[in-house]
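The following block contains the structure, expressed as structure tokens.
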Amino acid sequence: MSEAKWYVVHTYSGYENKVKANIEKTIENRHLEDQILEVRVPLEEVVEMRNGAAKQVQKKMFPGYVLLNMVMNDDTWYVVRNTRGVTGFVGPGSKPVPLTEEEMRPLGIKEENIRVDFAEGDMVVVTGGAWKDTAGAVTAINTQKQTVTINVELFGRETPVEISFAEIKRA
């Protein structure tokens with residue numbers, strides 16, 4: 001599987017949040033969570049003067065654009081391109097071009113290097129969520145999504161469950 005990169009999608013101005021919600025719903029419905037990892041509308045804090053008082057508000061950094069962290073393939077391209085409110089990917093013709101590290105830096109998007117104190121095969125205990133106090137062996141670690149897959153016993157058989165890094169600790 002190829003690596004996920006950041007892409008820019010052009011939308012109708014004012015539809016950024018609606019497009020973000022539509023794409024996230026489609027990801028959930030089509031089970032593309034492992035291919036389209038994140039959808040973002042970049043915001044910045046701005047101080048506005050209203051009636052003589054300074055007020056902090058969030059403004060869109062790029063009105064009319066939405067950022068996507070995704071693995072580019074025919075399925076993901078089709079899903080995003082045919083989302084209501086999307087006019088197209090940013091790039092020459094119909095070929096999307098991923099953002100470079102230099103382009104991502106001012107947006108506050110960093111490739112995070114996350115260290116965890118467990119590895120595949122280690123026993124962990126779930127500290128929160130629906131599986132709280134459940135123990136299981138780590139079968140897979142996904143640093144991009146910050147999740148681990150553990151096997152838990154459900155109805156007398158081993159079942160894989162995906163859990164956030166924040167909700168587990170080493171047993």
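Bear in mind the structure is a predicted one, so any value in this text is a computation, not a measurement.
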Of all heavy-atom pairs linking Val124 and Ile150, the shortest is CG2-CG2, 3.6 Å

When rounded to the nearest 0.5 angstrom, what is the spacing between OG1 in Thr76 and CG in Leu37?
-> 10.5 Å

Worked check of salt bridge (Lys or Arg N to Asp or Glu O under 4.0 Å) between Arg157 and Glu153 = CA-CA 5 Å; Arg157 61 170 71 139; Glu153 192 164 316; over 6 Å; no

Are any of the side-chain nitrogens in Lys18 or Glu16 under 4.0 Å away from the carboxylate oxygens of its partner?
-> no

Report, as yes or no, whether the 6.0 Å neighbourhood of atom CG on Asp74 holds more than 12 heavy atoms from other residues, nucleotides or ligands.
-> no

Ring centre gap for His10 and Phe89 strictly below 6.0 Å = no

Within a reach of under 6.0 Å around NZ of Lys60, are more than 12 heavy atoms found that belong to other residues, nucleotides or ligands?
-> yes

Could you tell me whether the side chain of Thr139 and the main chain of Thr149 form a donor-acceptor pair under 3.5 Å?
-> yes

Would you please say whether a donor-acceptor pair under 3.5 Å links the side chains of Gln58 and Glu44?
-> no

Carboxylate-amine/guanidinium proximity below 4.0 Å for Lys59 and Glu45 = no

What is the minimum heavy-atom distance between Ala4 and Asn69, and which atoms define it?
-> CB-OD1, 3.6 Å

Compute whether any side-chain donor of one residue and acceptor of the other, for Gln35 and Asn73, lie under 3.5 angstrom apart.
-> yes

